[in-house]
Number of protein chains: 2
Amino acid sequence: MSPNVSVRRYDKLCHNFFNATGGSLRILGRMKNTPHILIVDDSNEISELVERFLRQHGFRTSSAPDGNAMRRALANHQVDLIVLDLMLPGDDGLVLCRDLRAKSSIPIIMLTAMGEETDRIIGLEMGADDYLAKPFNPRELLARIKSVLRRTETLPETRHPPKETTIVFNLWTFDITKRQLITEDGVIVPLSTGEFRLLLTFIQHPGHVLSRDQLMDLTQGRDTEPFDRSIDTQVSRLRKKIELDPKQPEIIKTVWGGGYVFTPTVRNE
Amino acid sequence: MSPNVSVRRYDKLCHNFFNATGGSLRILGRMKNTPHILIVDDSNEISELVERFLRQHGFRTSSAPDGNAMRRALANHQVDLIVLDLMLPGDDGLVLCRDLRAKSSIPIIMLTAMGEETDRIIGLEMGADDYLAKPFNPRELLARIKSVLRRTETLPETRHPPKETTIVFNLWTFDITKRQLITEDGVIVPLSTGEFRLLLTFIQHPGHVLSRDQLMDLTQGRDTEPFDRSIDTQVSRLRKKIELDPKQPEIIKTVWGGGYVFTPTVRNE
DNA sequence: GACGCACTGAAACATTCGGTGACAAAAAAG
DNA sequence: CTTTTTTGTCACCGAATGTTTCAGTGCGTC
């Protein structure tokens, strides 16, 4: 394992990308200034820290302590990306996120406090483009911002419609906002919260073996206890709902001594 | 209640986990060792305590009493995470943290004295990934380490599944993503994890004689024991599933004194 | 607040997987 | 031909996984 190398290379890629696209976009006549990031967090300390850091790295920034200030900021400036705290006075981050998504497609990165009962997955469910658990490394936030900007910037200029929340795999249609599965025949299969989180996590990493530790972290944000079988139980419950023959699972395969893999290819609708 | 027993079993679980994932990841082409943690603290007592504890839980460790020793350690070993005390003789933890960040992105967990609210902000500002107030519970540190490693471990960027590959040989179609074999008639033959790994290895080296040593290394990432027959057993089990007549194997031939060969020509679909 | 209901994780039990040893069979060696 | 080495395969066991049950919890309704 060598996180250093990969991260460093990643930075370099981002850097090159910005140079390249910056130039080409300008040629195309669409003036692209340095991106403007809006930080929405009620903690002054964090806002200032993040703003300073991002400015050092060539972004323009603004900050807002709550939802109202955020709306004012959006009215006054052209904002390219929002870093949105989950816990806010007044409307909370999820509400704001959903509202934003309803009318615009400004990229959103959610900040969630580790161990909060609110799960990070909800952020993605509400249409956030990425999430980051607190406490976080500013470098990591920077990397996420660049990554999200790269993803969204390359899209055509036409306003992208509100984020799709329907995913198709195998014979199933998975409606993320409604938290339910639909068969080809239109039969609706409701999922519990745990099953939903698990399935969403699998869908976000198709074809990759996920260990029980990773699954626990990604679905619950906590560590596995010594004899923790809860992931196994949830997988079993999920299989009973989505597998044709739960005894011979096709969708979620077991990797002996390793974890589980989600095998179908996923398609956005 | 017998905490000792559970702790010992837990250690074993961790150990097995690392072995297992090491193996499976290697198949996917990405080697992952047990993580190496560097403790930087001027108190010998604390260093030793923490090192012992982490080793019991399957990590490799080193320690350094100050910044210079830390730099030497980093030069000599490949380190995956640093536990860094804030108060150090010579350069203090914040300085070291900033220096480290300037040139690498090894994850850092800061140890701070209790009671200073700003420590956290400062630590994060300097680029630490997490912090922990002294005195701390070793288990808590363990949890943070695992959590930070998980966060920094580059999990595959959201949804880029490995390219779907199905391979045809003899009368079989081998679906690597679905981890199963299909006959000409469309009958699905499920493979166990071990059989899958073995067959995958053979298919990646068609026409080459693979020794038991090589097979063990390629499938499990470990060495063969003196009287290890596990490869033979797995080959036998695999033959029973894929050979028309397991007594007269056509697909996987034995090379007496050498190992096994996968004889069919493989075709990518 | 009482009640019913769904959800979840721990525990208990059932099943499967993979390595080990034993023994038979096959191949090489003498 | 016999002996030795190597390989095939089976039965078995411990460990990992699958599944059910059960009790605790939260939530909505009355």
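Order of the sequence lines fixes the chain letters, A, B, ..., with proteins taken first and strands second; residue numbering starts at 1 for each chain.
For B/Gln214 (side chain) and B/Ser211 (main-chain N/O), a donor-acceptor pair under 3.5 Å exists by modelled atom type. Between the B/Asp175 side chain and the B/Thr177 main chain, a donor and an acceptor come within less than 3.5 Å of each other. Side-chain N or O atoms of B/Thr224 include none that pairs as donor or acceptor with a backbone N or O of B/Asp228 at under 3.5 Å. Between the A/Asp41 side chain and the A/Ser43 main chain, a donor and an acceptor come within less than 3.5 Å of each other.
For the residue pair B/Ser62 and B/His36, a side-chain donor N or O sits within less than 3.5 Å of a side-chain acceptor on the partner.
Close to D/dT7, at under 4.0 Å from its OP1 or OP2, lies a side-chain N or O of B/Arg212. Taking 4.0 angstrom as the limit, A/Tyr260 places a side-chain polar atom (N or O) nearer than this to OP1 or OP2 of D/dG18.
For the pair B/Leu238 CG and D/dT9 C1', the interatomic distance rounds to 15 Å; values are reported in whole Å. We find that CG of A/Asp213 is positioned 14 Å from P of D/dA16, with the value rounded to whole Å. Straight-line distance from the CD atom of B/Gln248 to the P atom of D/dT9: 10 Å, rounded to whole Å. Atom CG of B/Asp232 and atom P of D/dC10 are 14 Å apart (whole Å).
In this structure, A/Arg229 reaches the bases: a heavy-atom distance under 4.0 Å links it to at least one base atom across the strands shown. Across all strands, A/Gln234 comes closer than 4.0 Å only to sugar-phosphate atoms, never to a base (heavy-atom distances).
Protein chain A touches strand DNA chain C; the 5'-most and 3'-most nucleotides with an atom under 4.0 angstrom of its non-hydrogen atoms are C/dC7 to C/dG18.
Comparing D/dT5, D/dA15, D/dT19 by their closest approach to the side chain of A/Trp256 singles out D/dA15.
For the side chain to side chain contact (heavy atoms under 4.5 Å, CB included) with A/Phe174, the qualifying choice from A/Ile182, A/Thr166, A/Val168, A/Leu181 is A/Leu181, the only one to do so.
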Show each protein N/O and nucleotides 20-24 of chain D N/O combination with a separation under 3.5 Å, one pair to a line.
from	atom 1	to	atom 2	distance (Å)
D/dT20	OP2	A/Lys240	NZ	3.2

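A/Ile108 and A/Cys97 get closest at one heavy-atom pair: CD1-SG, 3.9 Å.
Residue-to-nucleotide proximity on DNA chain C shows that, of B/Ser230 and A/Leu191, the 5′-proximal contact is made by A/Leu191.
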*Show the numbers, then the answer: is there a salt bridge (Lys or Arg N to Asp or Glu O under 4.0 Å) between A/Asp232 and A/Arg212?*
CA-CA 8 Å; A/Asp232 302 60; A/Arg212 289 171 178 72; 3.1 Å; yes
Review item, side-chain donor-acceptor pairs of residues 239-252 of chain B, under 3.5 Å, at least two apart:
from	atom 1	to	atom 2	distance (Å)
B/Arg239	NE	B/Ile252	O	3.1
B/Arg239	NH2	B/Ile252	O	2.8
B/Arg239	NH2	B/Thr254	OG1	2.7
B/Lys241	NZ	B/Pro190	O	3.0
B/Lys241	NZ	B/Glu195	OE1	2.7
B/Glu243	OE1	B/Glu250	N	2.7
B/Glu243	OE1	B/Ile251	N	3.1
B/Glu243	OE2	B/Glu250	N	3.4
B/Glu243	OE2	B/Ile251	N	2.9
B/Glu243	OE2	B/Ile252	N	2.9
B/Asp245	OD1	B/Lys247	N	3.0

